[in-house]
Amino acid sequence: MVRAKRASVWKGIGWRPVLEVYKQMSDAGYDHATVERRWQEAWDDADVFRTPDNVEDPTYVLGMYPYPSGKLHMGHVRNYTITDAYARFRRMQGDDVLHPMGWDAFGLPAENAAKERDTNPRDWTVDCIETMTEQMESMGFGYDWDREITTCTPDYYQWNQWLFSRFHEEGLVERRDADVNWCPHCETVLADEQVEGEAELCWRCETPVEQRELEQWFLQITEYADELLEDIDDLEGWPNSVRQMQRNWIGRQHGTELEFHVEDYGPVEAFTTRVDTIHGATFFALAPDHPISEELAEEDDEIRRFVDHEADPDGDEPNGVETGLTATNPATGEEIPVYVADFVLSDVGTGALMAVPAHDERDHAFAEKMGIDIRPVIAPEPDGDEEPTAPDVSESAYTEDGVLIDAAEYSGLDSETARERLTADIDSAEEATQYQLRDWGISRQRYWGTPIPVVHCDDCGPVMVPDEDLPVELPEFINTTGNPLDAAEEWQRTTCPECGADATRETDTMDTFVDSSWYFLRYVSPDLEDAPFDRERANDWMPVDQYVGGIEHAVMHLLYSRFFTKVLADNEGLEHREPFTDLLAQGMVQLEGEKMSKSKGNVVSPQRIVEEYGADTARLFMMQAAQPERDFDWSEEGVQSTYAFLERLQGLVEEYAAETPDGDDDAIASYVDAEIDATIAIATAEYDDLTFNKALRETQDLVRTLRQYADYTEPHAETYERGLSAVVRLLAPVAPHIAEELYDELGGDGFVAEAAWPTAEVDRDYVAKRRRLVENTREDIRDIVDVAGIEDPLGIDVVVAPEWKYDALEIAIESDADNLIGELMQEGHIREQGDAAADYGQDLQAEREALSMTLEPDAEYAALESAAWLIEREFGAPVRVVRAAEADEDVLANAEPGRPAIEIDD
RNA sequence: GCGAGGGUAGCCAAGCGGUCAACGGCGGCGGACUCAAGAUCCGCUCUCGUAGGAGUUCGUGGGUUCGAUCCCCUCCCCUCGCACCA
């Protein structure tokens, strides 16, 4: 309340009628549509974002290219604002920058849309691309459109086919019958990675996936499993979550493969990671679809019934049926019963396992249910030289490593050693590695994709189409159920490249993830006619320095791209084994905590926002709302306040341009000047880190400081302009159009997009100390005024501590003497302060461990002097910053380094 | 269950050993301007305090430390990924 009244004291102090200007501004609004269009055209005319082929090693900034679905959504806008802002930042820092855009243009939605609209996928896709290109331009994204790629053009997809042939030559392509995931809705197969969650839903349409057996083409990514796994450790620029997801997906496990001899059937291979527990194996279990189970089911009704009806691999309960057979434990020679059990999965390990109920939770549950022996053979490591004692396994299994017990000559060994010994000692046992990763099935029974370049000949079988006959182009679209290529009979008819006989074309097309596994290489030389990419230039320009996209591609696209890169490195002379140095997985744009989706009807249209507020507002709001990797809520209020901010900034710049102020280069100017430096230093570091939210916060703070400056006094023109110019450039990566406009207004040469990034030499630590000092001092004054109930201060003295206190503080920090006061008193100039020295010494002693250096006395004086206007402005009273030498003794008692004494006259 | 990331004032969100009762924004409150409203500007927004003080706070409970929002451990909750994985 006290402070409220004070406002009247300094009303009207202002150098000019700022409020009037604001009022006119807000009535007029700012004409974002005109401004934005003007600069988009200007950039385009001047080829600002072109990256010539002859640059040496540009900073490669890339957003995951979009599927052309028709309209940009907020996720796209966020994704591409991040890359655009970063690319623009790097460009202003003087880097050559490669920032291209293209289209992931093959895919089922185009086929569905074509059917619905009675058109064809190509026309539909081209339309979508056109619309989205316009939208991207209206957002002000600065791409090198000369490098645009579109994967559904033969120019692009011929290289998918060419690469397929190269993979084939390297033995990385295989065709085989396989149980595959079949989406009945999409009428095509899906890779394992494209099936989501426990319910096994199609990643595109969320239809439950079925199993089918089909002849399929596979790329043998498993050949690279080890390298793909091990190189994850070096991907330090990637988020941990993504790295971990890829590790899990590859799922490598080291263990032992060994044979159990099953009565009547001979040796059966089992895989285990815990061969050290083999003495506790009390039964053997087969998957329901294991060949032996299937054979048994032929003869045994009980087993038949179990396999066909009861087995439920998805249920929580382990179910099983006894076969009456026994298996021989290769370590002990013991005969143990064989079960068919549904918790054994045929695609894990070998589909058969030795079960050790004492040391495995699942085996334990099954044994309890079936009344099978539970025999502990691993004990926890005992303390000291005590004997190991068997763990209690009646309730649950003991699954840790430990010391072997009741294990014949292996008793007493630790688990690790026992595993090595047993693997060596058991005849049929050998070390083995299992992976969860499967080969990548790329066959899709769809039209709108890259035709697999293969011809089927009755005599020669499947034959690769020779390179000179590539591309195999898609025929005209036929609107039919199932795969349109199956209906394209004429297209199918061809001759065998090997024997010349009549033959038919392969009608499967490639998974569109093939397209995206190398598109980042095509941008390097998009028009090259005799190779997918220019090898030399790719070696110079790759890898992508900063890649940005959604987390949903953590496994699929990002793993396949790594795989392709490694294959190209091994066989095509690419000198990089990883495609993406730094990866940012951007967060979602939500509405009231929920993901935006058409089905929920909570979608905010970027187009509407651009129309109402402009692209700059949309971009700036998004970038300041949260760190790029975090989810955040869209907020209409937030957008409005961002818009208002831009309007105010424009008012500030226009006012300056209309009439140059004529203030002095005084203490206030030096404060503003220091704040400009501080802002530049901090914002630059934050831009480097892609933490735009923090960079923008600093920048907006500076605008506030500048406004307060101009409100308070007539600014020093040079300082003020430097501040405005810094703000404009710091904002340029995120709000590029208005930045161009204001840069122009301030008389900048050329484009701000090509202007030099502002620089400042300041120490962030120094800035923090200075700001802290000023802030603390202001707070202290507020406290005093408040607590003491001072209505109307007449004058405020801020008194810097005497030099000897700084000396004493320094000594206190450095000293480790028990008696600090004694140590201080050894200094003559401190000792002569008498009681004051003793008092301060006691204070220091009390806070001994918490002391830290403040600014030097002169720096502190200067900082306070330059910030005095803030205090005057706030409290409406003249402020004197006083050096210790000019102050009274009794006042000085309260002054400490970093904490000036305060005297308020009321 | 395993793994990754989180839990900070009414909400969003910085901070990640002392300078922290904790930046900033939104919301709310008071004031300036206005005939008024809006916009804009200045403050306030954990509790108590007549000169900068004190108390209680950063999911929970412990611990390390002279000192913890910040480090370690337990537990709870949220989000994401994987999962009868042998």
Side-chain angles (χ1 to χ4, degrees), chain A residues 1-8 10-12 14 18-23 25-27 196-198 239-245 247-249 251 253 255 270-274 285 313-318 341-345 347-356 360-363 365-366 434-436 551 554-555 624-627 629-633 635 637-638 641 644 647-648 651 691 693-694 697-698 700-701 707-708 711 768-769 771-773 775-777 779-790 847-854 873-874 894 898-899 901-904:
Chain A
M1 329 299 84
V2 177
R3 237 151 284 138
K5 286 210 184 88
R6 223 176 286 120
S8 61
W10 42 268
K11 91 179 166 189
V18 178
L19 291 177
E20 291 308 310
V21 176
Y22 290 150
K23 233 179 288 174
M25 279 293 308
S26 62
D27 287 343
E196 294 183 334
E198 212 162 334
N240 280 333
S241 56
V242 174
R243 296 208 277 171
Q244 199 54 40
M245 281 161 78
R247 285 191 193 104
N248 288 344
W249 190 262
Q253 273 194 311
F271 175 80
T272 178
T273 54
R274 292 299 304 275
D314 298 326
D316 292 332
E317 276 275 292
D342 63 1
F343 70 89
V344 185
L345 306 177
D347 59 348
V348 175
T350 60
L353 58 82
M354 68 171 211
V356 185
D360 180 280
E361 291 296 349
R362 264 173 348 226
D363 298 349
F366 189 80
Q434 288 279 328
Y435 299 88
Q436 187 173 249
I551 189 78
V555 174
Q624 74 183 15
Q627 290 181 20
E629 48 274 276
R630 297 267 270 246
D631 295 344
F632 79 95
D633 262 14
S635 131
E637 296 80 51
S641 93
E647 264 186 333
R648 271 177 269 139
T691 37
N693 56 327
K694 296 183 205 168
R697 181 145 82 190
E698 281 297 323
Q700 295 198 12
D701 274 354
R707 193 165 52 230
Q708 288 175 337
D711 258 348
K769 279 187 174 138
R771 287 182 170 178
R772 197 81 246 163
L773 170 71
E775 206 32 66
N776 283 348
T777 305
E779 264 170 31
D780 282 347
I781 298 172
R782 276 177 213 136
D783 265 359
I784 294 167
V785 162
D786 225 30
V787 172
I790 300 170
E847 290 184 62
R848 194 73 185 277
E849 304 290 342
L851 300 172
S852 63
M853 271 322 282
T854 60
R873 188 190 56 122
E874 182 173 343
N894 281 331
R899 189 158 208 226
I902 294 162
E903 271 298 285
I904 300 174

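A quick note: this is a predicted structure, and the numbers were derived from the prediction, not measured. Computation of the quantities below employed the complete heavy-atom set of this structure, encompassing side-chain atoms and omitting hydrogens, waters and symmetry-equivalent molecules. Numbers restart at 1 for each chain; the letters A, B, ... are given by sequence-line order, proteins then strands.
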Checklist entry - Just checking Leu345(A): base, sugar-phosphate only, or nothing, at a heavy-atom cut-off of under 4.0 Å? => result base
Checklist outcome for this item: Judged by nearest nucleotide, the residue sitting upstream toward the 5' end of RNA chain B, Ala768(A) or Phe271(A), is Ala768(A)
Checklist entry - Dot-bracket for RNA chain B, 5' to 3', with Watson-Crick and G-U pairs under 3.5 Å, [ ] for crossing pairs and | for other-strand pairs: what is it? => result ((((((((.[[[..)..(.....]]]((((((.......))))))(((....)))...[.[[[..)....]]].])))))))....
Checklist entry - When the distance from CE of Met245(A) to P of rC2(B) is rounded to whole Å, what number comes out? => result 19 Å
Checklist outcome for this item: Readout for nucleotides 48-54 of chain B: B = base within 4.0 Å of protein heavy atom, S = sugar-phosphate only, - = neither; 5' to 3' it is -BSBBS-
Next on the checklist: Within the 4.0 Å limit for protein heavy atoms, which parts of nucleotides 6-14 of chain B are touched? Write it as a string from 5' to 3', B for base, S for sugar-phosphate only, - for none.
Outcome noted: --------S
Checklist entry - Can you check the Gln624(A) CD to rG25(B) P distance for me, whole Å? => result 11 Å
Checklist outcome for this item: RNA chain B nearest-nucleotide lookup for Leu353(A) and Ser641(A): closer to the 5′ end is Ser641(A)
Item to check | Partner residues of Phe366(A) under the ring pair (Phe, Tyr, Trp, His ring centres under 6.0 Å) criterion, sequence neighbours left out | outcome: Phe283(A), Tyr339(A), Phe343(A)
Checklist entry - Over how many whole Å does the gap from Asn240(A) atom CG to rG81(B) atom P extend? => result 17 Å
Item to check | Residue list, side-chain contact (heavy atoms from CB on, under 4.5 Å) with Ser641(A), at least two apart or on another chain | outcome: none
Item to check | Rounded distance in Å between the C1' positions of rG18(B) and rA13(B) | outcome: 24 Å
Item to check | Residues that Arg697(A) engages under side-chain hydrogen bond (donor to acceptor under 3.5 Å, both in side chains), provided they are two or more places apart | outcome: none
Next on the checklist: Once you apply a heavy-atom cut-off of 4.0 Å, does Val356(A) come out as touching a base, just sugar-phosphate, or nothing?
Outcome noted: nothing
